[in-house]
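This chain uses plain numbering: 1 for the first residue, then up along the sequence.
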Amino acid sequence: MEPTILRQKRILQVLVAMFAATPVLTGLAGVVYGPSFLGLDPPWPTALDSHFRFLCGIFLGLGLAWYSCIPDLELKTGRARLLGALTFAGGLARLFSLLVAGAPSAGHLAGLGMELVVVPLLVFWQGRIAEMARAGR
């Protein structure tokens, strides 16, 4: 692989590894601690607890799936696009919440920016690297 492509691939791999830590760590914390992870005090409805932990498990799985893209990143275009679309859909749901329920915490607003801006840019970048690798540039 050409040095420019390899350099870009390495930078993107590092960024994916850094950014995927958030859904892995927060997803795991949500599974283990339930809604109290967000500073909520029990009691809360068991249906809320169950749904919260389920969604946190999905968030954990999403982060792990992003990690699975890191090796041979230039070959994982379909997976990266699917994960990007799922992440973007979550961001749209978070944006809807912002519109109907008001502004969440700063951490959630940062997540919104990641989901709607940064992740699509990373997916686009991955596609460019895959394209350059296929062309042998």
**OP:** Just jot down the salt bridge (Lys or Arg N to Asp or Glu O under 4.0 Å) partners of K76, sequence neighbours excluded, or say none.
**Re:**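 Here no residue qualifies.
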
**OP:** Scan for side chain to side chain donor-acceptor pair (under 3.5 Å) pairs involving residues 17-42, sequence neighbours excluded, and state none if there are none.
**Re:**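 Residue pairs with at least one partner in residues 17-42: there are none.
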
Subject >> side chain to side chain donor-acceptor pair (under 3.5 Å) pairs, two or more places apart, involving residues 92-114 >> reply: R94-E115, S105-H108

Is [Y] reachable from [X] through a run of I, L, V, M, F, W or Y residues, each pair having side-chain heavy atoms under 4.5 Å apart?
X	Y	result
L28	L38	yes
L75	W125	no
L121	L86	no
V24	L82	yes
F124	L92	no

For the pair [X] (side chain) and [Y] (backbone), establish whether a donor and an acceptor sit closer than 3.5 Å, ignoring hydrogens and angles.
X	Y	answer
Q126	L73	yes
E74	I129	no
S50	A47	no

Could you tell me which non-hydrogen atom of [X] sits nearest to which non-hydrogen atom of [Y], and how far apart they are?
X	Y	result
G63	A20	O-CB, 3.8 Å
C56	G30	SG-CA, 3.5 Å
L116	G91	CD2-C, 3.6 Å

Original post:
If you link I, L, V, M, F, W and Y whenever their side-chain heavy atoms are under 4.5 Å apart, who else ends up in the same group as F96?
Top reply: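 Members other than F96 - counting any ILVMFWY side chain reachable under 4.5 Å - are V100.
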
Please round to the nearest 0.5 Å and tell me the distance separating atom [atom1] of [X] and atom [atom2] of [Y].
X	Y	atom1	atom2	value
L12	K9	CG	NZ	10.0 Å
L25	F59	CG	CZ	10.0 Å
L40	D49	CG	CG	11.0 Å
L83	L64	CG	CG	11.0 Å

Side chains of [X] and [Y]: closer than 4.5 Å at any heavy-atom pair?
X	Y	answer
L98	L109	yes
V31	F37	no
L60	P23	no

**OP:** Please identify each residue that fulfils side-chain contact (heavy atoms from CB on, under 4.5 Å) with V123, with sequence neighbours left out.
**Re:** W66, R81, V119

Original post:
Looking at residues at least two apart in the chain, or sitting in another chain, which of them share a side-chain contact (heavy atoms from CB on, under 4.5 Å) with V118?
Top reply: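 Checked V118 against side-chain contact (heavy atoms from CB on, under 4.5 Å); matches are F19, M114, L122.
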
Subject >> E131/R128 ion pair, N-O < 4.0 Å >> reply: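 Looking at E131 and R128, the cut-off is met.
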
